[in-house]
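Have a look at the structure below before the remarks.
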Amino acid sequence: MEKNYKKILVTSALTYANGYTHLGHIAGSLLPADIYVRFQRLLGRDVLYICGSDEHGTAIEMSAIKENITPKEIIDKYHKSNKKAYYDLGMSFDIYSRTSTDVHRATSQDFFMNLYNKDLLYTKTEKQLYSEKEKRFLADRFVIGTCPVCGFEEATGDECENCGSSLTPLELKNPRSKITGDTPVVKESNHFYFPLSKYQQSLETWQGTKNNWKPNVINYCAGWFKKGLQDRAITRDLDWGVPVPVEGYDEKVLYVWFDAPIGYISATKELFIERNNPDGWKDYWYNGETKLVHFLGKDNIIFHAIFFPAMLMAHGDFVLADNVPANEFMNLEGSKLSKRRGNIIYVKDAVEKINPDTIRYTIASNMPENRDTDFYWSDLQAKNNNELGAILGNFINRTFVFANKYFDGTIPPQNELQDIDTNIKLRLNSGLEKIEADYENYKFKDAVTDSMNIVRDANKYFNDTEPWKAVKENKERCETIINICLQLVHSFAVIFHPVLPFSTEKILHMLNKGKEDLSWDKAGDFVLKPGHRLNQPEILFNKIEDSEIEKLS
RNA sequence: GCCGGAGUAGCUCAGCUGGUUAGAGCGUCGGAAUCAUAAUCCGUAGGUCGGGGGUUCAAGUCCCUCCUCCGGUACCA
């Protein structure tokens, strides 16, 4: 790392608990974050991985009304399901929390009051549409009416789908509620505003110091700066959310995008409460030597690179993000992933049918780091069969077969080394250096490619040294070869651990080694001792047949 | 409409501040090997870098314009 960070705090964008999470979420923010933290842990760094469900906002309240159930029922359902799916996919959160907890409510209200007490917030009264029938103010996109520009009759209060005009609800002709269809009335409402415009200069200065941010993030923000940041209302007329902790405003709640990012902080608090160290979270959030990294999809850039940092600046106590490595989107079979039913892959379904490591590997090797990418089931099949099975799995298997068949299931000694032996170790070490740089620079696709390329060379080493001949002609030579191949197997357990956590644990077990050998330091050295007894090998990646893929596509 | 991103081999994707014959994996075709989940390794072929114009000794890379796709557009998150 370019700076002497003592601690690393990693977040994945909170999952909105209004539906099942799909593979796009994994590709955008969950998987890169998990790979990153697993790598940092291998290096022995002090890292926390924070995520959770975002459970407030208009959309959840509206879903509850439509389905005639409570918001709580909705969030419970999706929080539980999504959390399980994430863990099934190997996400190694230190905590997966949610924003409906008491800790979060208190933390958000404290945050709000901190700004309120410093007189940073102001109130403003605006005219809004109010439904007498529903007894509620209507959010912009829950008002439907006729577009004043093109006459389209199904325009929503924020924009016209037909002509693309940006609208406000008051401009619509014949406005009506999207839920009940009744005609709303104009009513005034008073809200708190966050003075985002005042922080533009500080934000630009701050981002100016970031020379390793991805261009898409920098340019996107530059666009907003150029336009000029405007203050934002941070309270809403809803029933569902964190109540505004100010007298006279207790019927209102905090804007979901105000409280959601605070969720990263409250989840960290909750984690340390569980650890019986209630102040422990401060060591991370109040510490200028913490490296804070937000992983997210491109739809979230403004909130993590502009709005939340401004909130933190206003508050003053917290560390700001070191990086916001935003990914683009992953689509399915060439068309948008989340658009309509039948064209979506839920994580909960995928993990039931497919080896989670295969899912992780496929997504990681085609991660939308620079642009939108496509997920194909046929691609997953090819990656599983041709790379995971044929290259990695096969190398491990052919090595173990030799150890079992000719060396009684133990690690043979390493005798006199030849050039080809020292070369493969040099190759391993240069590969490790490259992969380490890949991970530190958020280049996960490169990391996967570079990792698998070492295994390709390991297979070449196996071919070139021909242990099946050596075992007959020169047993000592064969001992050395298989010793080295087993050392490489151990190295691969470490190297692939960020991407393939389940399989690498199996490899470690096959080697009869413990977690203490799962460290990046030990990946470059040949640490296995001759005579050490191995466990029985197992097939790590079963071949996926065409018929299975046809069922999934 | 406006802001940002993208369009590169049959397919999926790399190509930082412009610099010799544009790269990788898969797929294709040929070869070597036979220890291994018939799994490996080597080699071959494949592209007027979305269209057009410009700057430059030199452009996939910079500028202009057009087409197509994606995200945002401040009350969806």
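All chains are named by letter (A, B, ...) in the order of the sequence lines, taking the proteins before the strands, and each is independently numbered beginning at 1. Just so you know, these numbers come straight off a predicted model, no measurement behind them.
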Worksheet item: When the P atoms of rU56(B) and rG72(B) are considered, how many whole Å apart are they?
Response: 41 Å

Discussion item. Strictly by Watson-Crick or wobble contacts shorter than 3.5 Å, is anything paired with rC2(B), and which nucleotide is it?
Written reply: rG72(B)

Discussion item. Say we look at rU68(B) and rA77(B): how far apart would their P atoms be, to the nearest angstrom?
Written reply: 32 Å

Worksheet item: Nearest-Å distance, OH (Y376(A)) to C1' (rG27(B))?
Response: 15 Å

Practice prompt. Using a cut-off of strictly less than 4.0 Å, decide whether T58(A) has a side-chain nitrogen or oxygen near OP1 or OP2 of rA77(B).
Written response: yes

Fill in: Glycosidic conformation of rG46(B), taking syn as within 90° of 0 and anti otherwise
syn

Item to complete: Quick one: label Y255(A) by what it contacts on the DNA or RNA (base, sugar-phosphate, nothing), any heavy atom closer than 4.0 Å.
Response: sugar-phosphate

Worksheet entry | Atom CD of E251(A): over 12 foreign heavy atoms under 6.0 Å | no

Practice prompt. Verify the contact: side-chain N or O of R232(A) to OP1 or OP2 of rA74(B), cut-off strictly under 4.0 Å; return yes or no.
Written response: no

Item to complete: Could you tell me whether the phosphate oxygens of rG71(B), OP1 or OP2, come under 4.0 Å of any side-chain nitrogen or oxygen in N216(A)?
Response: no

Worksheet item: Roughly how far apart, to the nearest Å, are rG27(B) and rC11(B) at atom C1'?
Response: 7 Å

Worksheet item: Taking OP1 and OP2 of rC13(B), is either one under 4.0 Å from a side-chain nitrogen or oxygen of K445(A)?
Response: no

Discussion item. Under 4.0 Å, counting only non-hydrogen atoms across every strand here, what does L229(A) touch: a base, just sugar-phosphate, or nothing?
Written reply: base

Discussion item. Looking at the base of rU40(B), is there any donor atom on it, or on the side chain of N463(A), that sits under 3.5 Å from an acceptor on the other one?
Written reply: yes

Fill in: side-chain hydrogen bond (donor to acceptor under 3.5 Å, both in side chains) between N483(A) and Q487(A), intermediate numbers included
CA-CA 6 Å; N483(A) 176 290; Q487(A) 306 285 2; 3.2 Å; yes

Item to complete: Assign S378(A) to base, sugar-phosphate, or nothing according to its heavy-atom contacts below 4.0 angstrom with the strands shown.
Response: nothing

Discussion item. Could you check whether the side chain of N394(A) and the base of rA36(B) have a donor-acceptor pair of N or O atoms closer than 3.5 Å, going by distance alone?
Written reply: yes

Practice prompt. Would you please confirm or rule out a distance under 4.0 Å between OP1 or OP2 of rG5(B) and any side-chain N or O of R371(A)?
Written response: no

Worksheet entry | NZ/K443(A): more than 12 non-hydrogen atoms of other groups inside 6.0 Å | no

Discussion item. For rC41(B), give the paired nucleotide (Watson-Crick: N1-N3 plus N6-O4 or O6-N4; G-U: N1-O2 and O6-N3; both under 3.5 Å), or none.
Written reply: rG31(B)

Fill in: For rC62(B), the Watson-Crick or wobble partner whose two distances fall under 3.5 Å
rG54(B)

Worksheet item: Between the side chain of N459(A) and the main-chain N/O of I391(A), is any donor-acceptor distance below 3.5 Å?
Response: yes

Discussion item. Heavy atoms only, 4.0 Å cut-off, all strands: where does F462(A) land among base, sugar-phosphate and nothing?
Written reply: base

Worksheet entry | Gap between atoms CD and P, on E126(A) and rC75(B) respectively (whole Å) | 9 Å

Worksheet item: Quick one: N459(A) CG to rU37(B) P, roughly how many Å, whole number?
Response: 14 Å

Discussion item. Classify K469(A) by what it touches in the nucleic acid, base, sugar-phosphate, or nothing, heavy-atom distance under 4.0 Å.
Written reply: sugar-phosphate

Fill in: Geometric cation-pi criterion R232(A) and F194(A), 6.0 Å radius, 45° cone
no

Worksheet item: Within this structure, what is the CZ-to-P distance between R141(A) and rC75(B), rounded to whole angstrom?
Response: 12 Å

Worksheet item: Rounded to whole angstrom units, what separation is found between the CD1 atom of I539(A) and the C1' atom of rA38(B)?
Response: 13 Å

Item to complete: Please state the C1' separation for the pair rG10(B) and rG54(B) - nearest whole angstrom.
Response: 34 Å

Item to complete: Please confirm whether the backbone N or O of N300(A) pairs with a side-chain atom of H304(A), one donor and one acceptor, at under 3.5 Å?
Response: yes

Practice prompt. Remember a base hit wins even if backbone is also touched, and classify F303(A) as base, sugar-phosphate or nothing at under 4.0 Å, heavy atoms.
Written response: base

Worksheet entry | Separation of atom OH in Y78(A) from atom P in rA77(B), rounded to whole Å | 16 Å

Practice prompt. Identify whether NZ of Lys or CZ of Arg in K298(A) sits under 6.0 Å from the centre of the six-membered ring of F329(A) and within 45° of that ring's axis.
Written response: yes

Worksheet entry | Base partner of rC26(B), which must satisfy Watson-Crick or wobble distances under 3.5 Å | rG10(B)

Response to the item:
Here the distance between atom P of rC13(B) and atom CE of M330(A), to the nearest Å, is 8 Å

Fill in: N386(A) side-chain N/O to rG27(B) phosphate OP1/OP2 under 4.0 Å
yes

Discussion item. Categorize D54(A) for me: base, sugar-phosphate, or nothing, with a 4.0 angstrom heavy-atom threshold over every strand shown.
Written reply: sugar-phosphate

Worksheet item: For K298(A) and rC70(B), is the shortest distance between a side-chain N/O and OP1 or OP2 below 4.0 Å?
Response: no

Item to complete: Please state whether the base of rC26(B) and the side chain of E387(A) form at least one donor-acceptor pair under 3.5 Å?
Response: no

Worksheet item: When you match D379(A) and N542(A) each to their closest nucleotide on RNA chain B, which lands nearer the 5' end?
Response: D379(A)

Worksheet item: Atom CE of M367(A) and atom P of rU12(B): how far apart are they, to the nearest Å?
Response: 19 Å

Fill in: Residue mapping more 5' on RNA chain B - nearest nucleotide basis, P215(A) or Y16(A)
P215(A)

Worksheet item: S503(A) and D357(A): side-chain donor and acceptor closer than 3.5 Å?
Response: yes

